[in-house]
Structures are given as C-alpha cells and as structure tokens.
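Below, each value reflects all heavy atoms present in this structure, side chains not excepted, and no hydrogens, waters or symmetry copies. Treat the numbers as computed from the prediction; the structure is a model and nothing was measured. Both ligands and their constituent atoms are indexed starting at 1 by order of listing.
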Amino acid sequence: MNMDDVARRGLVLLGCGKMGSALLDGWLKGGLPAASVWVLDPAPSDRLQKTGVHINAGLPDDPAVALVAVKPQMMGDALPSMQALGGGGTLFVSVAAGTPLARFEAAFGAATPIVRTMPNTPAAIGRGISALIGNAAASADHIALAEALMGAVGQTVRLDHEAQMDAVTAVSGSGPAYVFHLIETLAAAGVAQGLAPDLAMALAKATVGGAGQLAEDSAEDPAQLRRNVTSPNGTTQAALEVLMDGENGLPKLMARAVAAAAARSEELSRG
Ligand SMILES: NC(=O)c1ccc[n+]([C@@H]2O[C@H](COP(=O)([O-])OP(=O)(O)OC[C@H]3O[C@@H](n4cnc5c(N)ncnc54)[C@H](OP(=O)(O)O)[C@@H]3O)[C@@H](O)[C@H]2O)c1
C-alpha cells in the first residue's frame, strides 16, 4: 500500500483538531486529493469546510487508512465509529499519546494492522518528528505507509519496541514545551540584566530557533558546536560553568524532568 492506494481507496481522519489538521494540510499540499479524505469531527472548523474533504459523511467502504487523532480521553467515545473498518483491509494509524497498541487491538481485533506514532507540535509548521511502532499485524508496507503519512509534517523514526514510546514521549513529544520554557527563562534572565522585555524575548527566540536549526543542519554534533563557541575564560564559559554544574546544573535537572515525563507516560498508558 502506498499514497496512490490512499488516494484511490480513501483515508478516514478521526478527529481534526491541532494534530489532525496539521496532518491534513500536509497531505493535501503533498497532492492527496481532498475527495479521498473523510473527516469525522463533531465541530469541524471553517477552514476544514473550505478544503473540500468529506465531513461527517459516514465512512467509505474500504479505506486504505484510518488515522486516529482524538484526545486519549475521547477514545472510548470515538473508536466505536470506526468498528466497521477493523479486521485487516484498513491500516489504522494513531497519534494519541499514551494509548497502547493493545487498546486498538481490543477495539478492532488483533488481525487489524495498527501503527502507533508519537508526533510533536512543530508538526504544525512541518518541522515535527514522529516515532513509529507497529503491532504484529502491521507489515513492512504498512509501516512505510504510516511513515509517508507522518512524513507530511516532518521527520520520522522507527522504534524497536512499544515500551520505548514512554521515553520518546518524554523527549520529543513533551520536549517542545521544555524548549518554550527555555526561551521564557532566557528572556527573563535578559530582563534581569537590564534589557527591555520585548528585546530580551526577540533575542531569546532567535537564539533558540537559530541554534536549533544550526544543530540540525551542522555535520558537527551539538557538543562540538558548543565547544566551538566557548573561548577559554570567556563569557560563554562563565555561563556554562553554572549550567553544566554536576550537582545543580542542567544535566541532572533535565534527566529528572525527562524521567518524570516518562514515568507519567507509563502511568497513563496503563490506564
Ligand atoms: N498537538 C500535538 O502537538 C500532539 C503531539 C503528539 C500527539 N498528539 C496527539 O494527537 C491527538 C489529538 O491532539 P490535538 O492536540 O490535535 O487535540 P485537539 O486539538 O483537541 O483535537 C482533537 C479533535 O478531535 C475531535 N473529537 C473529539 N471527540 C471526537 C469523536 N468522538 N469523534 C471524532 N472527533 C472527535 C475534537 O473535537 P472537539 O474539539 O469538538 O471536542 C477535536 O477537533 C491526541 O491524542 C494527542 O495525544 C498531539
């Protein structure tokens, strides 16, 4: 199965909020015909209505894909609407945080191919990263199709075990919020040093955005990029001595933050 099959047989999108609409925008931009998409959502946005997709118009007979993008807590209400698609012909893809493959297998049967993915919010600008894992019924073709679908909003990586999803959630799923907080705290620290708030925020945003892009684009790893801008006894070194402190610095703080998120993810997926 590939994107041509999706165009021919159709795709059902269950839930068209922030993540669902980011994906839909990516697919339509990538050439998927609007007539191939069936959206189910109780409150379709004006923007969605203008796309030309089918909205709350039932289900096609044999869609290639059903993509689940409702909040985890809405799953119990939402999944029964897709019951008819279980059993094998339709690939299910879920972007729901903390909802295990077993939950979908219980709803649709273990013969149903299901790929669970964890995207993140930069998907809204096509700069997300999604980790994927399939159930036993998901073939290499199914995984490749799920990758193509998630690739519409950024990079993709494959996992070996579903248990890795908790760590992925804690690093890249929740990670954008850590970076937003870094921007907030860097700007506030600039204000404490006498800069006007707007100026400090402009400096902090561009610094994090620019350094993030440089880290992604560069052939050198982030540790080397850091060394490259740290002159002996200079200003950067003075700051890094505080940030990299073994006891009170960022390494331990970040490890604790990520461990807390991973533990919470594990707890949520146990239900
Ligand atoms: N946003 C992200 O960056 C992100 C990142 C990783 C994973 N995810 C996952 O993506 C999923 C969606 O998150 P989101 O941020 O896009 O949430 P969202 O903006 O609240 O979108 C969910 C959409 O589903 C609709 N919905 C609710 N019940 C439904 C039902 N029974 N049938 C069909 N549609 C229904 C909601 O409509 P109403 O608003 O009218 O209830 C809403 O439009 C979640 O499971 C989340 O874990 C999101």
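For Arg8, the CZ atom is densely surrounded, since the number of other residues' heavy atoms within 6.0 Å is greater than 12. For Asp62, the CG atom is densely surrounded, since the number of other residues' heavy atoms within 6.0 Å is greater than 12.
Remark: minimum distance from atom 24 (O) of ligand 1 to any protein heavy atom is reached at Gly15 CA, 3.3 Å. From the protein, the heavy atom lying nearest to atom 12 (C) of ligand 1 is Ala69 O, 3.2 Å. When hydrogens are left out, the protein atom nearest atom 7 (C) of ligand 1 is Val95 O, 3.2 Å; that is the closest non-hydrogen contact. Among protein heavy atoms, the minimum distance from atom 33 (C) of ligand 1 is reached at Leu40 O, 3.3 Å. Atom 38 (P) of ligand 1 has as its closest protein heavy atom Pro42 CG, 4.3 Å. The nearest protein atom to atom 6 (C) of ligand 1, hydrogens excluded, is given as Pro119 O, 3.2 Å; this is a heavy-atom distance. Scanning all protein heavy atoms for the shortest distance to atom 19 (O) of ligand 1 gives Lys18 N, 2.9 Å. The protein heavy atom nearest to atom 13 (O) of ligand 1 is Lys71 NZ, 4.1 Å.
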Legend entry - Worked verdict on Val39 versus Asn56 for side-chain contact (heavy atoms from CB on, under 4.5 Å): CA-CA 6 Å; Val39 171; Asn56 297 326; 5.7 Å; no
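By the 4.5 Å heavy-atom criterion applied to side chains, Pro119 and Met19 are counted as neighbours. A heavy-atom distance below 4.5 Å is found between the side chains of Val70 and Met75. The closest side-chain heavy-atom distance from Ser21 to Leu48 is not below 4.5 Å. Side-chain atoms of Tyr178 and Val171, non-hydrogen and from C-beta on, never get closer than 4.5 Å to each other.
Comment: Arg270 does not engage Glu267 in a salt bridge, judged by the lack of any side-chain N to carboxylate O separation of less than 4.0 angstrom. Between Arg226 and Asp221 there is no salt bridge, since no side-chain N of the basic residue sits under 4.0 Å from a carboxylate O of the acidic one.
Both the backbone and the side chain of Met19 come within 4.0 Å of ligand 1, counting heavy atoms alone. The residue Pro176 has no part lying near ligand 1, judged by heavy-atom distances below 4.0 Å.
Ligand 1 has no atom lying under 4.0 Å from any heavy atom of Gly173.
When Ala22, Gly17, Ser174, Ala123 are checked for heavy-atom proximity to atom 21 (O) of ligand 1, Gly17 turns out nearest. For atom 32 (N) of ligand 1, the choice among Leu13, Leu14, Val153 with the nearest heavy atom turns out to be Leu14. Of the candidates Ala78, Ala124, Ser94, it is Ala78 that places a heavy atom closest to atom 31 (N) of ligand 1.
In terms of polar-atom proximity, Val70 is counted as a contact of ligand 1, with an N or O under 3.5 Å from an N or O of the ligand. Residue contacts with ligand 1: Asp77 is placed with no nitrogen or oxygen under 3.5 Å of a nitrogen or oxygen of the ligand (distance criterion only). Between Gly20 and ligand 1, a contact under 3.5 Å exists for no N or O pair. Annotation: Asp41 places an N or O atom under 3.5 Å from an N or O atom of ligand 1; distance criterion only.
Listed for the Glu162 side chain is a donor-acceptor partner under 3.5 Å among the backbone atoms of Leu101.
Shown in contact with Met118 at under 4.0 Å from a heavy atom are these atoms of ligand 1, numbered in order with element: 6 (C), 7 (C). Close approach of ligand 1 to Ala43 (heavy-atom distance below 4.0 Å) involves ligand atoms 40 (O).
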N/O donor to acceptor pairs below 3.5 angstrom from side-chain atoms of residues 182-204, sequence neighbours left out:
{"unit_1": "Glu184", "atom_1": "OE2", "unit_2": "His181", "atom_2": "ND1", "d": "3.2"}
{"unit_1": "Thr185", "atom_1": "OG1", "unit_2": "His181", "atom_2": "O", "d": "3.0"}
{"unit_1": "Thr185", "atom_1": "OG1", "unit_2": "Leu182", "atom_2": "O", "d": "3.0"}

In residues 78-97, what donor-acceptor pairs under 3.5 Å come from side-chain atoms, sequence neighbours left out?
{"unit_1": "Ser81", "atom_1": "OG", "unit_2": "Ala78", "atom_2": "O", "d": "2.6"}
{"unit_1": "Gln83", "atom_1": "NE2", "unit_2": "Ala107", "atom_2": "O", "d": "2.4"}
{"unit_1": "Thr90", "atom_1": "OG1", "unit_2": "Pro63", "atom_2": "O", "d": "2.7"}
{"unit_1": "Ser94", "atom_1": "OG", "unit_2": "Ala96", "atom_2": "N", "d": "3.1"}

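With no hydrogens or angles considered, a side-chain donor-acceptor pair links Glu216 and Gln155 at under 3.5 Å.
There is a protein heavy atom less than 4.0 angstrom from atom 45 (O) of ligand 1.
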